[in-house]
Every structure is written in C-alpha cells, then in structure tokens.
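One structure is given below, encoded as structure tokens.
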2 protein chains.
Amino acid sequence: MQAIKVALFEDNKHLRESLSILISGTPGFQLTGAYPDCDELLYQLNKELPDVVLMDIEMPGMRGTEAVKLIKKDFPEVQVLMQTVFQDDENIFQSICAGASGYILKTTSPAQYLEAIRDVHQGGSPMSPFIARRVVSLFAQNVSVPSLHNYQLTPKEKEVLSLMVQGKSIKMIADASDISYETVRTHVKNIYSKLHVNCNTEAVSKAMREKIV
Amino acid sequence: MQAIKVALFEDNKHLRESLSILISGTPGFQLTGAYPDCDELLYQLNKELPDVVLMDIEMPGMRGTEAVKLIKKDFPEVQVLMQTVFQDDENIFQSICAGASGYILKTTSPAQYLEAIRDVHQGGSPMSPFIARRVVSLFAQNVSVPSLHNYQLTPKEKEVLSLMVQGKSIKMIADASDISYETVRTHVKNIYSKLHVNCNTEAVSKAMREKIV
DNA sequence: TTCCTCTTCCCCCGATTGCGGTATTTCATC
DNA sequence: GATGAAATACCGCAATCGGGGGAAGAGGAA
C-alpha cells in the first residue's frame with residue numbers, strides 16, 4: 001500500500017518537530033514537509049503534492065482557515081485536517097466553510113492523530129464527539145428546509161423568480177431573457193399569485209427562505 | 001456514578017434482544033425499556049424518563065425521524081442516538097434536523113455502541129468518520145456565510161431592513177415602527193447606500209444571503 | 001376537435017419606489 | 001460649547017410596480 005503523504009503546517013517548533021517525527025517514523029505515512037507558516041503554501045504543495053495537509057488554525061501571518069481556502073481552490077483533492085487548541089463555534093464554522101474535512105484538538109494522542117490522518121485520507125471526517133456536537137447544532141440552526149410546499153411554478157416562472165432574487169428589475173429581466181417587458185410582468189403576476197404574495201420583496205424573501213429557486 | 005438510562009426502539013426482534021442484553025448487562029448502563037415500535041412513545045418515555053434514546057430510523061408505523069421530533073419537543077433534554085443500516089444524505093439530514101445528536105450504523109461493534117451511548121450522554125455527537133463527512137459536506141453546501149463585510153448599519157436601519165426582508169412596504173414599516181413614512185424612506189435610502197444596492201429586492205436578497213438581519 | 005396550460009404580448013391607472021435635495025432634534029463625545 | 005452621528009421629517013419628480021383587464025399562438029391531453 002502506498003504511504004499517505006502528509007504536509008504539516010504548525011508554527012510551534014516543539015509540536016512541529018514532535019509531529020514530524022511521529023509521521024515520518026510511522027510505516028504507512030510519509031512527511032512531504034513541515035512548515036512554520038503559510039508564506040509559500042502553494043509553492044510548497046506544488047513541489048510535492050501531499051494527500052493530507054495537517055493545518056494549525058492559529059498561525060502567524062495567514063490564518064489557517066484562509067490557507068485552507070487557497071489549498072482547496074488550487075488542489076481540491078487534497079484533504080485538510082485542522083488542528084487547534086480552541087473549539088469555539090467560530091473556528092469550527094470557518095474551517096468547515098473553508099473546506100476542511102476534519103477538525104481535531106491538539107490534546108489528541110499520537111495514535112489518534114495518525115488515525116485521524118488515515119480517516120481523512122479515506123474520505124472520512126474525523127472529529128471529536130464534542131466538536132461533532134457543535135457541528136450538528138450549528139447545522140440544525142443554519143439549514144433551511146427546501147420547499148415543503150410545491151407552488152407549481154412553471155419553468156419560465158422559476159427563471160424569472162431566480163432573476164428577481166438576484167435583484168434584477170422587470171426591465172432587466174426582460175432584457176436578459178430576451179422577452180418583452182409585458183411578458184415578464186405577466187410571469188411576475190402569476191408568481192405572486194402562486195406564492196400568495198403581493199410584492200417583489202415578499203416574493204424574493206419567500207423564494208430564498210424556502211429555497212424555491 | 002449514576003447508570004445511564006437507555007430506552008431502545010428497534011423493530012428487529014433479534015437486534016432488539018441483543019442490544020437489550022448488551023445494555024442491561026453492562027455496568028454503568030440501565031435499560032428502561034425496549035420497544036418494537038413508537039406507538040406509545042411518549043407514554044413509555046413518561047413512565048421512566050431515559051437519558052438516552054437509541055432509535056432505529058427504519059420502523060413500521062411512525063418513522064424514526066418523526067419520533068425524534070416528538071421526543072425533542074416534549075423531552076428536549078433526552079439525547080437521541082440514531083441507528084440505521086443506511087447512510088444516505090436524506091436520512092442523515094432528516095435526523096439532524098429532527099434533533100438527533102448522534103448517528104451510528106448497525107454494523108457498529110457492541111463496544112462502540114456502548115461508547116456512542118456514553119458519548120451522547122456526555123454531550124457529544126458520535127458518528128462514523130464517513131457520516132461526519134456527509135454532515136460536513138451538507139453543511140458546507142447549505143450554510144451561508146454571515147456578513148464578512150460590516151456595512152455599519154445603525155440599529156434603526158437594521159430594524160427597517162429586517163422589516164423589508166419580511167416583505168413589508170415602506171408604509172407598513174412606518175406604521176409598525178411608529179415613525180413617519182418619510183423617515184422610513186430616509187432610512188431605506190441610507191441602507192441602499194451602505195449596502196451598495198439600488199432597489200428593494202437587491203437589498204432583501206443581500207441581507208438574507210449575508211445574514212445581515 | 002376541443003380543452004387546457006404555458007408562453008407570449010398589450011393597455012390603463014393608481015400606488016409605490018428611487019433619487020435628488022434640505023432641515024431639525026437628540027445625544028454622546030471631545 | 002462644539003462636533004458629529006443618528007434619528008426624525010418634508011418636498012418634488014421621474015420611473016417602476018401592482019392589479020385589473022384582454023388576447024393570441026403553440027402544444028399536449030381528453
């Protein structure tokens with residue numbers, strides 16, 4: 001089996017060296033590099049593309065979450081495992097939105113570190129039960145339920161509605177869709193009637209809330 | 001230490017009995033009941049309130065996710081651990097939205113079952129790395145980033161904007177806020193200027209997307 | 001063929017909005 | 001006491017929107 005190639009970003013010298021020894025010294029793992037900051041992030045990844053990046057959230061210069069965004073933009077197949085001493089909502093939230101797959105604490109044991117690296121590499125998202133709880137709870141708060149109702153909008157009406165959501169005026173929609181102003185107005189009237197609203201803001205708000213478009 | 005009280009809902013007789021023996025036979029765990037369906041769900045919970053409910057998603061009669069909603073509505077402090085053979089997005093999504101804390105597969109080993117029960121009871125959300133990945137990925141798709149920008153809206157402007165998002169017209173906002181029509185118009189103008197938009201739908205759309213209100 | 005839906009287009013008219021101003025009062029800060 | 005931000009309020013005017021009609025072609029279903 002091919003060894004899992006790991007790149008390490010960690011500003012703390014002691015931890016960086018400990019992890020380096022752990023990773024390079026364990027069969028099945030290969031360290032492609034250990035860096036104290038993200039200054040030459042993309043260059044370093046290009047040099048030898050790792051399977052997994054182990055990223056500290058708190059670092060001098062570029063924040064870990066910013067670095068993740070860059071990585072996922074240029075190397076979407078690279079799996080990123082965040083490590084941190086904090087487990088506040090903001091950090092978890094930012095990391096996940098940036099594209100990180102796993103999120104572990106620095107208090108994690110060496111064996112669990114390796115296990116977590118293996119997990120992300122195999123397509124999992126290792127995280128402590130506590131962090132998982134935060135994610136689940138953030139999730140339940142943020143997710144909106146897509147359209148329980150079916151408002152029976154026709155394809156053209158959906159198209160018009162989605163342009164309305166983008167903030168376009170009737171005139172702009174007419175231009176964009178290459179149909180006449182009056183036709184757009186007719187569609188809009190029908191949309192209002194089907195959504196049971198009577199102005200543009202209500203329609204936009206309802207469309208976004210219920211993810212109709 | 002107090003034993004963790006567990007109620008079990010599982011229609012498969014064999015699995016139900018195996019889990020019953022496992023739970024009641026392990027020190028630190030106490031089985032308050034094992035039921036093949038959710039017909040008398042609330043009655044059964046009332047009889048002896050468990051700390052943790054182990055719920056099968058696939059059951060005759062009431063679906064597991066529906067049952068979870070009922071449980072969390074009447075007994076919000078009860079922790080629910082879902083168990084299933086499926087790990088599709090829809091089931092995961094429904095369970096989390098219903099209020100379940102953990103989500104494990106029936107292929108989980110007895111020791112891990114007990115560990116997961118312990119985890120949910122201690123405020124964690126045990127889930128396999130694969131399921132965690134699905135949650136993270138669903139999350140990243142659904143969550144919108146709350147205002148990276150700070151548009152410096154004043155409290156009154158935020159109030160007006162939130163009423164606009166609710167679909168209210170300027171006249172309605174004036175009535176609701178008990179200020180004059182012209183004042184609301186002034187606020188709206190300032191909001192447009194700060195958000196860099198120039199019509200009501202754009203403002204509403206931006207406000208919702210960036211969770212400004 | 002007839003019926004129905006979807007899409008297209010048009011008119012009228014009152015209400016509302018967007019944009020340009022100006023102006024006063026309050027209130028905290030300097 | 002001066003300054004500035006926030007909230008309040010008003011006017012005018014062009015443009016857009018919302019609601020009310022009517023109408024006609026294309027295409028599928030009964």
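In what follows, chains carry the letters A, B, and so on, assigned in the order in which the sequence lines appear, proteins first and then strands, with residues in each chain numbered from 1. Only a predicted model underlies this, so the values are computations on that prediction, with no experimental measurement involved.
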Is any side-chain N or O of B:His187 closer than 4.0 Å to OP1 or OP2 of D:dT8?
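The answer is yes; a side-chain N or O of B:His187 sits under 4.0 Å from OP1 or OP2.
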So, does B:Thr183 get its side chain near the phosphate of D:dC10, meaning an N or O under 4.0 Å from OP1 or OP2?
no
Taking [X] for the side chain and [Y] for the main chain, is one N or O donor matched with an acceptor at less than 3.5 Å?
X: B:Ser193; Y: B:Lys189; value: no
X: A:Gln166; Y: A:Lys168; value: no
X: A:Thr108; Y: A:Ile104; value: no
X: A:Ser162; Y: A:Glu159; value: yes

In whole angstrom, what separates [X]'s [atom1] from [N]'s [atom2]?
X: A:Asp175; N: D:dT16; atom1: CG; atom2: C1'; answer: 14 Å
X: A:Ile191; N: C:dC6; atom1: CD1; atom2: P; answer: 13 Å
X: A:Asn190; N: C:dT8; atom1: CG; atom2: C1'; answer: 12 Å
X: A:Glu202; N: D:dG18; atom1: CD; atom2: P; answer: 10 Å

Strictly under 3.5 Å: I want the nitrogen or oxygen pairs between protein and nucleotides 23-26 of chain D, one per line.
none

Between the protein and nucleotides 3-6 of chain D, which nitrogen or oxygen pairs are less than 3.5 angstrom apart?
none

We want to know whether [X] and [Y] form a side-chain donor-acceptor pair, criterion being a heavy-atom distance below 3.5 angstrom.
X: A:Thr84; Y: A:Glu58; result: yes
X: A:Thr183; Y: A:Ser180; result: yes
X: A:Arg133; Y: B:Gln79; result: yes

Shorter than 3.5 Å, N or O on both sides, protein versus nucleotides 15-19 of chain C: list them out with atom names.
| residue | atom | partner | partner atom | Å |
| --- | --- | --- | --- | --- |
| C:dT16 | OP2 | B:Lys171 | NZ | 2.7 |
| C:dT17 | OP1 | B:Ile170 | N | 3.3 |
| C:dG18 | OP1 | B:Tyr192 | OH | 3.1 |
| C:dG18 | OP1 | B:Asn200 | N | 2.7 |
| C:dG18 | OP2 | B:Tyr192 | OH | 2.7 |
| C:dG18 | O3' | B:Asn198 | O | 3.4 |
| C:dG18 | N7 | B:Arg185 | NH1 | 3.2 |
| C:dG18 | N7 | B:Arg185 | NH2 | 3.4 |
| C:dG18 | O6 | B:Arg185 | NH2 | 2.8 |
| C:dC19 | N4 | B:Arg185 | NH2 | 2.1 |

Five pairs at each end of the helix from C:dT1-D:dA30 to C:dC30-D:dG1: take the axis at both ends and give me the angle between them to 10°.
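Rounded value for the end-axis angle: 50°.
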Taking the side chain as everything from C-beta on, heavy atoms only, tell me whether [X] gets closer than 4.5 Å to [Y].
X: A:Glu17; Y: A:Lys13; value: yes
X: A:Ile57; Y: A:Gln83; value: no
X: A:Leu163; Y: A:Val160; value: no

If you look only at pairs with a residue in residues 34-57 of chain A, which of them pass as a side chain to side chain donor-acceptor pair (under 3.5 Å), with sequence neighbours excluded?
A:Asp56-A:Lys106
Closest non-hydrogen atom pair between A:Val184 and A:Ala174, with its separation:
CG2-CA, 3.6 Å
Would you give me the side-chain donor-acceptor pairs under 3.5 Å for residues 60-76 of chain B, sequence neighbours excluded?
| residue | atom | partner | partner atom | Å |
| --- | --- | --- | --- | --- |
| B:Arg63 | NH2 | B:Asn91 | OD1 | 3.2 |
| B:Lys72 | NZ | B:Pro76 | O | 3.1 |
| B:Lys72 | NZ | B:Val78 | O | 3.0 |

